[in-house]
Amino acid sequence: MFDLVLKNLKLLDYSDGMSVAIEDGKIAKISKSSIEGYKEIDLNGQLVLPGLIDPHVHFRDPGLTYKEDFKTGSMAAAHGGFTFVMDMPNTVPKTNTYEVFKEKQKIAESKSIVNFGLHAGYSTLDEMEKILELNPMSFKVFMDLETDANLDKIFEDISKLGENAIKKPIVTVHAEKRDIVLESTKNLAEESEAIAYSYGRPAESEDASVSQAIELSKKYGVDLHICHLSTRNAMNLAISNNVSYEFTPHHLLYDNTAFNEFGTLIKTNPPLREKGKNVTINDLNANSMIGTDHAPHSLEEKTKGVWDSSPGIPSLETVLSLLLTEVNRSNLYLSLIPKIFSENAAKRFNLVNKGFIKEGYDADLVVIDLNKEGIFDIDTFYTKAEYSPFDGLSYKGKATMTIVNGEIVMENDLLI
């Protein structure tokens, strides 16, 4: 008998009434016929998908754990149906040396209840070569913080990494043009309405930065990935140059008029875009990828005015239900959900045996009730963040169970 058998479930591309057997943390058997296990769970026709993979989270650990840490962040992830997260390097200290990277791995191993990977920051060539030994998900470049000369040097250095490796490291970028942001922000410094922030970091800054990143990637032969892409022009640039990118839920579902409702609570980088320049739910397709950019701050930090409030939105516990709601509204095909949340990220970031429901693959799964309705309530979330622009919104479709490495870690909103 198998360790665990999930029975009477629905799998996409299969008939209803399927069973999945799990043994030693792996998917051991997928069958229409009966399977016996030491523990059997009847899922009553619920849908089972590959565990969600988030290529872009900020768990603030170490150094900023009053905002979030790997324990609470991973709890939020499990609650939202995620089984793998990739954490960004802008912690304190920055994750840009071998020793700091290794220490952060130890922190995550001791706290996280889901699988994880770490993005690395850029540093000296020698230091990045050492980090490469620890298998970073990518080297992250915050283009909005660097001059053109620095960016050229960073891309050149990264191109030299792993020269004898079969596959070069990925470079992920935050794409906003520094000089455009500085000039626009200066011109709007006296503005006090929250919506001014979207013009202080205008769509043109992202378009120019994405174009620059693509040029540098071609110049130095760097494998490029664009984070939290928010403008249609930037998206078209990425597509025409065969560059991968990710969307956030807030950029897909809101335009910059949301500042008038939520104020600085919806402030993030890059900011929400003007209608017509922004990406929307209609831009999702089979090649798309969701990255939440889950970025919690304290409530005090989010309410310091248009220019001083911290940018960032927590989304791990809302994004799946938000997009399942779009499925139920017939605005999105259900078949896209495993692609945009699991398959494409697993392939892009070379995650072995993850992202698909196949025999021999890791038993990282999410169980979904497509008909479950409710209202988002921040007080029931596991993140340390005390705010969400989605708080109070109704949804239809929800994760009811999260399984990581064959172990149930969340069931009916309760962590186990």
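Numbers here are sequence positions counted from 1.
Atom NZ of Lys102 has 12 or fewer heavy atoms from other residues, nucleotides or ligands within 6.0 Å. Atom OH of Tyr66 has more than 12 neighbouring heavy atoms from other residues, nucleotides or ligands inside a 6.0 Å radius. Crowding of Glu193 atom CD: a count of heavy atoms from other residues, nucleotides or ligands under 6.0 Å not exceeding 12. No more than 12 heavy atoms of other residues, nucleotides or ligands sit less than 6.0 Å from atom CD of Glu300. More than 12 heavy atoms of other residues, nucleotides or ligands sit less than 6.0 Å from atom NZ of Lys111. Counted within 6.0 Å of CG on Asp377, heavy atoms from surrounding residues, nucleotides or ligands total more than 12; the atom is thus considered enclosed. Around NZ of Lys275, the count of heavy atoms belonging to other residues, nucleotides or ligands within 6.0 Å does not exceed 12.
Inspection of the Ser230 and Arg273 side chains reveals an N or O donor paired with an N or O acceptor under 3.5 Å. Between Asp126 and Thr124, the side chains place no donor N or O within less than 3.5 Å of an acceptor N or O (distance only, hydrogens not considered). At a cut-off of 3.5 Å, with distance as the only test, no side-chain donor of Asp144 or Asn269 sits close to an acceptor on the other residue. Between Thr383 and Glu317, the side chains place no donor N or O within less than 3.5 Å of an acceptor N or O (distance only, hydrogens not considered). Inspection of the Ser298 and Glu301 side chains reveals an N or O donor paired with an N or O acceptor under 3.5 Å. Side-chain atoms of Tyr254 and Glu261 form no donor-acceptor pair, as typed in the model, at a separation below 3.5 Å. A donor and an acceptor atom, one from each side chain of Asp69 and Thr72, are located under 3.5 Å apart. Inspection of the Thr95 and Thr91 side chains reveals an N or O donor paired with an N or O acceptor under 3.5 Å. Side-chain contact, Ser309 with Lys267: no donor N or O sits under 3.5 Å from an acceptor N or O.
Counting only distance, with no hydrogens or angles, the side chain of Thr402 and the backbone of Val366 share no donor-acceptor pair below 3.5 Å. In this structure a side-chain-to-backbone donor-acceptor pair under 3.5 Å is present from Glu359 to Ile30. In this structure a side-chain-to-backbone donor-acceptor pair under 3.5 Å is missing from Thr325 to Tyr395. Checking side-chain atoms of Ser288 against main-chain N and O of Asn285 turns up a donor-acceptor pair under 3.5 Å. Proximity of a side-chain donor or acceptor of Glu274 to a complementary backbone N or O of Asp255 within less than 3.5 Å is not detected. Here the side chain of Glu373 pairs no donor or acceptor atom with the backbone of Lys396 at under 3.5 angstrom. Under a 3.5 Å cut-off, the side chain of Ser240 and the backbone N or O of Asn236 do form a donor-acceptor pair. In terms of modelled atom types and a separation under 3.5 Å, the side chain of Glu343 and the main chain of Gly355 share no donor-acceptor contact. Between the side chain of Asp391 and the backbone N or O of Ile378, at least one donor-acceptor pair lies under 3.5 Å. In this structure a side-chain-to-backbone donor-acceptor pair under 3.5 Å is present from His251 to Pro270.
Atom OG in Ser184 sits 12.0 Å away from atom NZ in Lys177 (nearest 0.5 Å). For the atom pair CG (Leu351) and OG (Ser342), the distance works out to 10.5 Å, reported to the nearest 0.5 Å. Once rounded to the nearest 0.5 Å, the distance linking CG of Leu11 with NZ of Lys32 reads 10.0 Å. We find the CG-NZ distance between Leu134 and Lys104 to be 13.0 Å, quoted to the nearest 0.5 Å. Rounded to the nearest 0.5 angstrom, Ser19 OG and Ile41 CD1 are separated by 12.0 Å.
Residues Asn115 and Val404 meet the side-chain proximity criterion, which asks for heavy atoms closer than 4.5 Å. Using a 4.5 Å heavy-atom threshold, the side chains of Asn278 and Leu272 count as separate. Side-chain atoms of Ile214 and Leu224, non-hydrogen and from C-beta on, do get closer than 4.5 Å to each other. A heavy-atom distance below 4.5 Å is not found between the side chains of His56 and Ser315. At a threshold of 4.5 Å between non-hydrogen side-chain atoms, the residues Phe82 and Val114 do not count as touching. Two residues are said to be in side-chain contact when any heavy atoms from C-beta on lie closer than 4.5 Å; Ile290 and Leu284 meet this criterion. A heavy-atom distance below 4.5 Å is not found between the side chains of Asn412 and Leu414. Looking at Asn405 and Asp364, their side chains come closer than 4.5 Å, going by heavy atoms from C-beta outward.
Pairing each heavy atom of Ala194 with each of Val306, the nearest pair is O-CG2, 3.7 Å. The two residues Glu23 and Asp3 come nearest to each other via the heavy atoms OE1-N, 3.0 Å. Taking each heavy atom of Pro136 and Ala120 in turn, the nearest pair found is CB-CB, 4.0 Å.
Within the structure, the side chain to side chain donor-acceptor pair (under 3.5 Å) test picks out the following pairs touching residues 216-228 (sequence neighbours left out): Asp152-Lys219, Asp152-Tyr220, His174-His228, Lys218-Asn241, Asp223-Arg348, His225-Ser244, His225-Glu246.
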Next on the checklist: Go through it in stages, so that I can follow the logic: the residues are Asn233 and Thr231, the test is side-chain hydrogen bond (donor to acceptor under 3.5 Å, both in side chains), and I'd like the CA-CA distance, side-chain angles, deciding distance and then a yes or no.
Outcome noted: CA-CA 5 Å; Asn233 283 344; Thr231 78; 5.8 Å; no
Checklist entry - Going through the checks in order, is the salt bridge (Lys or Arg N to Asp or Glu O under 4.0 Å) test met by Glu129 and Lys160? => result CA-CA 9 Å; Glu129 282 284 7; Lys160 297 175 182 177; over 6 Å; no
Checklist entry - Can you list the steps and then say if Phe116 with Phe59 is a ring pair (Phe, Tyr, Trp, His ring centres under 6.0 Å)? => result CA-CA 11 Å; Phe116 68 89; Phe59 281 176; 9.6 Å; no
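Here Glu99 does not pair with Lys130 in a salt bridge; the nearest charged N to carboxylate O distance is not below 4.0 Å. Salt bridge present: Lys398 and Asp413 bring a charged side-chain N and a carboxylate O closer than 4.0 Å. Using a 4.0 Å cut-off between charged side-chain N and carboxylate O, Asp362 and Lys26 make a salt bridge.
Both tests hold for Lys140 against Phe142: distance to the six-membered ring centre under 6.0 Å, angle to the ring axis within 45°.
For Tyr122 and Phe139, the ring centers are positioned 6.0 Å apart or more.
When each of Arg60, Glu386, Lys302 is paired with His297, the side-chain hydrogen bond (donor to acceptor under 3.5 Å, both in side chains) condition holds for Arg60 and for no other.
Not counting sequence neighbours, Ser123 has no partner by the side chain to side chain donor-acceptor pair (under 3.5 Å) test. With sequence neighbours left out, Thr292 forms a side chain to side chain donor-acceptor pair (under 3.5 Å) with Asp54.
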